[in-house]
Colleague: 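Before I ask anything, let me first share the structure, which is written out below as structure tokens.
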Amino acid sequence: GLNAGCADYYQVILSLLRHTQNTKVHAVVGGLLLLATQMPEELPKVVRSEAVEIIVRQCGHQRNPEILLPMLNTLCVLVAEDVVRQRFTGCGGVEALVSVLNSGVVQTEWDNVRSSAANVLANLMAGQGRSVHEYQTSVGAAGGVEALLRVCGRAVAGATDTWHSRLVEQTT
């Protein structure tokens with residue numbers, strides 16, 4: 001298969017993410033990881049787990065939408081698997097994404113970043129079973145539900161103060 005025998009290749013990609021500060025390298029590597037997640041065969045488990053931790057770290061301190069967007073899109077695919085979900089919640093992923101959602105940056109590119117972060121949290125909470133309930137609870141405890149509502153409200157009606165004003169007008 002396409003991913004068979006590529007463990008060294010993936011380790012190089014992850015190493016680039018871990019050890020370089022170059023924004024262009026991070027953006028390209030994020031795109032490569034996204035492409036790898038869309039291949040017909042699965043990424044090796046070690047790569048998926050390490051990628052999640054690295055992406056979560058990036059979300060915690062990275063503020064460049066060109067870098068965050070491909071990484072969040074990759075994360076959106078990766079969190080569909082329970083093992084990765086556990087790793088994601090265990091390494092502070094929920095809190096990192098809530099901070100991205102709560103970012104006060106007002107740029108069109110950031111709307112896409114926040115939308116992608118919202119998709120990751122939605123995928124994390126999707127499904128049924130006890131473990132999914134635990135993920136939903138962790139998102140709620142981190143303030144993720146309120147952040148998701150704000151992002152959805154902004155997407156539908158514009159800036160928060162605009163749609164909040166509309167709601168007040170409608171109730172009076």
Colleague: Report the residues that fulfil side-chain contact (heavy atoms from CB on, under 4.5 Å) with A142, sequence neighbours left out, ordered by chain and then residue number.
Modeller: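 Result, side-chain contact (heavy atoms from CB on, under 4.5 Å) vs A142: V94, E95, V98.
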
Colleague: Tell me, please, which residues at least two apart from E146 pass salt bridge (charged side-chain N to carboxylate O under 4.0 Å, His left out).
Modeller: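 If we apply the salt bridge (charged side-chain N to carboxylate O under 4.0 Å, His left out) test to E146, skipping adjacent residues, there are no hits.
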
Colleague: What about L17 and V79, same hydrophobic cluster or not, with Ile/Leu/Val/Met/Phe/Trp/Tyr joined at side-chain heavy-atom distances under 4.5 Å?
Modeller: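 Cluster IDs for L17 and V79 match.
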
Colleague: Could you tell me whether the side chain of T89 and the main chain of R85 form a donor-acceptor pair under 3.5 Å?
Modeller: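 It does hold such a pair.
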
Colleague: Could you give the distance from CG (L32) to CD1 (I13), rounded to the nearest 0.5 Å?
Modeller: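 The CG atom of L32 sits 5.0 Å away from the CD1 atom of I13.
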
Colleague: Check C91 against V52 and note the closest heavy-atom contact, atom names and distance.
Modeller: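 Nearest pair, atom of C91 first, then V52: SG-CG1, 4.4 Å.
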
Colleague: Go through the steps to decide whether Y135 and N123 satisfy the test side chain to side chain donor-acceptor pair (under 3.5 Å), and finish with yes or no.
Modeller: CA-CA 10 Å; Y135 303 134; N123 283 354; over 6 Å; no

Colleague: Using side-chain contact (heavy atoms from CB on, under 4.5 Å) as the criterion, list what pairs up with S115, not counting sequence neighbours.
Modeller: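 If we apply the side-chain contact (heavy atoms from CB on, under 4.5 Å) test to S115, skipping adjacent residues, the hits are N119.
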
Colleague: Side chain to side chain donor-acceptor pair (under 3.5 Å) between N102 and R150: does it pass, once the steps are laid out?
Modeller: CA-CA 9 Å; N102 288 332; R150 271 193 306 281; 2.3 Å; yes

Colleague: Applying side-chain contact (heavy atoms from CB on, under 4.5 Å), name anything that partners T137, two or more places apart in sequence or on another chain.
Modeller: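 With neighbours one apart ignored, the set is H133.
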
Colleague: Could you give the distance from CZ (R114) to OG (S103), rounded to the nearest 0.5 Å?
Modeller: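 It is 5.0 Å, given to the nearest 0.5 Å.
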
Colleague: Under the salt bridge (charged side-chain N to carboxylate O under 4.0 Å, His left out) rule, collect the residues that match up with R57, sequence neighbours excluded.
Modeller: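 Scan of R57 (salt bridge (charged side-chain N to carboxylate O under 4.0 Å, His left out), adjacent residues dropped) gives none.
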
Colleague: Given the rule that I, L, V, M, F, W and Y join up when any side-chain heavy atoms are under 4.5 Å apart, are L34 and V120 in one cluster?
Modeller: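 Not linked; separate clusters.
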
Colleague: Residues two or more places apart in sequence or in another chain: which of them pass side-chain contact (heavy atoms from CB on, under 4.5 Å) with V83?
Modeller: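 Checked V83 against side-chain contact (heavy atoms from CB on, under 4.5 Å); matches are E81.
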
Colleague: Report the distance from atom CZ of R18 to atom CD1 of I54, rounding to the nearest 0.5 Å.
Modeller: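 So the CZ of R18 and the CD1 of I54 are separated by 4.0 Å.
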
Colleague: Assess the residue pair R63 and W110 against the criterion (side-chain contact (heavy atoms from CB on, under 4.5 Å)); give the C-alpha distance rounded to whole Å, side-chain angles, the decisive distance to 0.1 Å, and a yes or no.
Modeller: CA-CA 9 Å; R63 292 296 172 235; W110 268 88; 3.8 Å; yes

